[in-house]
Amino acid sequence: MNLYQHFRDEVIRLLSELAAAGGIPAGLDASRVSVDPAREAAHGDITTNAAMVLAKPAGMNPRALGGILAERLGGLEAVSAADIAGPGFINMRLAAGFWHQRLKEVLLAGSAYGDSDVGSGEAINVEYVSANPTGPLHVAHGRGAVVGDALATLLEKAGFKVTREYYINDAGAQVEALARSTYLRYREALGETIGEIPEGLYPGDYLKPVGEALVRRDGDKWLVAGEAAWLPEIRAFTVAAMMEGVRADLKALGIAFDRFVSESALVASGAVDEVLKDLEKKGLIYTGVLEAPKGHAPDDWEPRPQTLFRSSAFGDEIDRPLRKSDGSWTYFAADMAYHRDKFRRGFNTMIDVWGADHGGYVKRMKAAVEAVTSGAAALDVKLCQIVHLSRGGEPVRMSKRAGVFVTLGDLIADVGRDVVRFTMLTRKNDSQMEFDLEKALEQSRDNPVFYVHYAHARCRSVLRSAAADLGVRNVTAEALAEADLGLLKDNAELAVIKIMAGWPRLVETAAEAHEPHRVAYYLHDLATAFHGLWNLGNDDVRLKFIVDDKPLTLARLALVQGVATVIASGLQVMGVRPVEELR
RNA sequence: GCGCCCGUAGCUCAACGGAUAGAGCACGAGACUUCUAAUCUCGAGGUUGCAGGUUCGAUUCCUGCCGGGCGCGCCA
């Protein structure tokens with residue numbers, strides 16, 4: 001249960017009771033009433049703004065209204081104290097028994113703890129990575145991959161029906177250049193000296209094996225053929241090879257997509273022609289001449305009539321071209337068709353995770369979604385800022401000759417999948433991030449990955465130790481749920497339970513905000529509370545988990561099991577595997 | 001020139017429109033015959049870039065400036 005939602009319902013119920021009794025006016029709009037964690041423990045456990053929000057419409061003084069409501073709230077069994085404070089906050093302290101019940105709930109739910117139905121099964125499409133198939137994924141793609149995947153899992157946990165999708169940009173000039181690059185490597189593999197890779201083509205060594213593989217498949221048959229003959233073949237061959245590498249990297253990160261959508265297949269299906277007809281009917285397509293951007297005119301700018309989409313009618317700065325001068329579709333035109341396709345497959349909410357360099361594209365894509373869905377669907381774009389790689393504080397230099405930055409595959413091989421995933425989620429998506437390869441592996445408290453892992457490992461360690469003493473059967477989550485949790489009276493113990501009990505709310509708010517990084521911060525907080533509790537046992541043996549008092553030991557083990565469960569549940573959302581021990 | 005993102009402790013970063021803005025690092029002082037001290041406790045550190053506006057209440061929303069990043073037709 002989301003306890004804040006629970007108490008908000010209670011507040012609203014009590015307000016209507018009060019209204020019925022004539023204590024306050026009836027029919028007040030309670031939509032702005034919220035129940036939140038108290039900022040400071042001294043204020044209590046939870047707080048509501050009800051009195052402040054309703055004072056004006058009720059024509060009452062906030063403290064007077066708050067007094068009446070606080071009296072009612074104080075009468076609830078779960079509330080041990082309700083006071084009015086400051087400008088009109090009603091602070092409530094919850095009974096210990098309420099918190100014990102939350103712990104029991106954790107133990108009974110297991111990794112499903114925190115599952116919510118706020119999403120009501122609504123379909124959400126999360127598109128991420130969607131890198132050009134022109135080379136290996138690099139580190140920035142990795143950030144988008146991790147953010148998108150964790151967001152997808154988070155949304156699932158919050159009750160949405162999520163489809164994970166990857167758009168393959170396998171049409172257009174880039175993949176043609178790729179095919180020509182492979183062709184050079186193909187000739188090279190057949191013994192020719194090809195010299196420098198010309199400007200505009202892909203110089204990376206990663207195409208050498210592709211050229212060699214092509215020789216193995218097709219022999220020298222393309223040497224004498226004209227480009228018109230070999231280009232489509234080699235393009236398809238190369239894209240397939242690149243996508244194989246992409247899938248391997250994603251698999252190494254533990255990411256599996258529900259669907260890969262090919263841009264060229266989409267174009268071939270006529271979907272772009274269709275969307276254009278649609279928009280023509282709506283009067284959103286016209287032929288016009290764009291003005292050169294002020295202060296940034298390209299050298300070869302010349303005014304030219306183009307097929308334009310009236311995106312300025314939906315908040316974009318200018319209208320956007322849909323056809324290149326050679327008559328083929330722009331990337332944008334195909335992307336419009338793609339998002340229309342998503343909508344027709346039943347997605348009214350779409351999330352795209354992009355690199356920051358695509359920031360200038362957001363408005364037109366949102367405009368396009370609004371236009372092609374007649375306002376029925378919404379697009380949220382999460383821009384991931386760049387990742388600066390360093391090693392021991394020194395920037396990692398990119399390799400020019402290899403034609404790529406440090407690849408995602410290199411990064412995973414270097415620090416491991418779980419470290420990559422966790423670290424990528426320790427920053428909000430739109431903040432730049434420094435990823436230090438040494439620090440990410442450091443086993444110290446300034447490495448959040450380790451810090452959270454360590455808390456979980458300590459939990460497991462205690463439970464293993466207890467299982468040896470008390471028998472495995474007595475320390476399962478199910479058995480511990482039956483422990484006398486009322487024995488957990490220490491403030492530090494209750495503090496840990498309170499953080500655990502905040503997990504369902506965290507899931508809901510992070511999911512609604514589309515911000516998976518909050519999970520990482522939450523887990524860090526929980527780990528901090530647990531490490532603190534642990535150390536109390538170092539100072540005073542009576543505060544150890546395993547003590548000379550079996551009922552108390554079992555209650556404390558239940559707490560430990562609960563922490564392990566919630567950490568594992570949070571890591572699951574992040575796609576990180578919890579560790580049993582760290583030695 | 002225009003648009004988007006960012007601006008919070010010396011540094012790296014948090015904070016559903018809520019109260020006295022929080023963590024970590026670095027700095028100072030302490031706690032290990034261990035259920036894992038790779039941890040913990042305490043201290044010091046702030047005009048949330050600046051100026052207005054909305055609000056009972058603004059780090060958060062709006063406007064304008066300043067600074068940094070990204071982008072700006074026929075690349076994706």
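Chain identifiers are assigned alphabetically (A, B, ...) following the order of the sequence lines, protein sequences preceding nucleic acid strands; residue numbering begins at 1 within each chain. Predicted model only: the values in this text are computed from it and were never measured.
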Subject >> Euclidean distance, atom OH of residue Tyr4(A) to atom P of G18(B) [Å, nearest integer] >> reply: 14 Å
Original post:
According to a strict under-4.0 Å criterion, is Lys363(A) in side-chain N/O contact with OP1 or OP2 of G71(B)?
Top reply: no
Original post:
Does A15(B) have OP1 or OP2 sitting under 4.0 Å from an N or O in the side chain of His517(A)?
Top reply: yes
Original post:
Taking CH2 from Trp354(A) and P from C75(B), how many angstroms apart are they, rounded to a whole number?
Top reply: 18 Å
Original post:
Rounded to the Å, how far apart are His524(A) NE2 and U39(B) C1'?
Top reply: 12 Å
Original post:
Rounded to whole angstrom units, what separation is found between the CE atom of Met424(A) and the P atom of C13(B)?
Top reply: 14 Å
Subject >> Annotated protein contacts, base or backbone, on nucleotides 55-69 of chain B with a non-hydrogen cut-off under 4.0 Å, one of B, S, - each >> reply: -BB-----------S
**OP:** Pick the C1' atom in G18(B) and in U60(B), then give their distance to the nearest Å.
**Re:** 11 Å
**OP:** Name the nucleic acid region contacted by Glu508(A), choosing base, sugar-phosphate or nothing; use a 4.0 angstrom heavy-atom cut-off, strictly under.
**Re:** nothing
Original post:
Between U8(B) and A51(B), how far is it from one P atom to the other, in whole Å?
Top reply: 16 Å
Original post:
With respect to the side chain of Gln174(A), which nucleotide from C75(B), G71(B), A15(B) is positioned closest?
Top reply: C75(B)
**OP:** Report the stems of RNA chain B as range-with-range entries sorted by first number; a stem here is at least three consecutive pairs, Watson-Crick or G-U wobble, both distances under 3.5 Å, and write none if there are none.
**Re:** B:1-7 with B:66-72, B:10-13 with B:22-25, B:27-31 with B:39-43, B:49-53 with B:61-65
**OP:** Taking atom P in both C6(B) and G10(B), compute the distance separating them and give it to the nearest angstrom.
**Re:** 22 Å
Original post:
Given A76(B), is OP1 or OP2 found less than 4.0 Å from the side-chain N or O atoms of Lys324(A)?
Top reply: yes
Original post:
Between the side chains of Asn2(A) and Glu508(A), does any donor sit under 3.5 Å from an acceptor?
Top reply: yes
**OP:** Answer yes or no for Arg320(A) and Phe332(A): cation-pi contact, defined as NZ/CZ to six-membered ring centre under 6.0 Å and angle to ring axis within 45°.
**Re:** no
Subject >> Closest to the Tyr451(A) side chain, choosing from U39(B), A14(B), G18(B) >> reply: U39(B)
Original post:
Roughly how far apart, to the nearest Å, are C42(B) and C4(B) at atom P?
Top reply: 44 Å
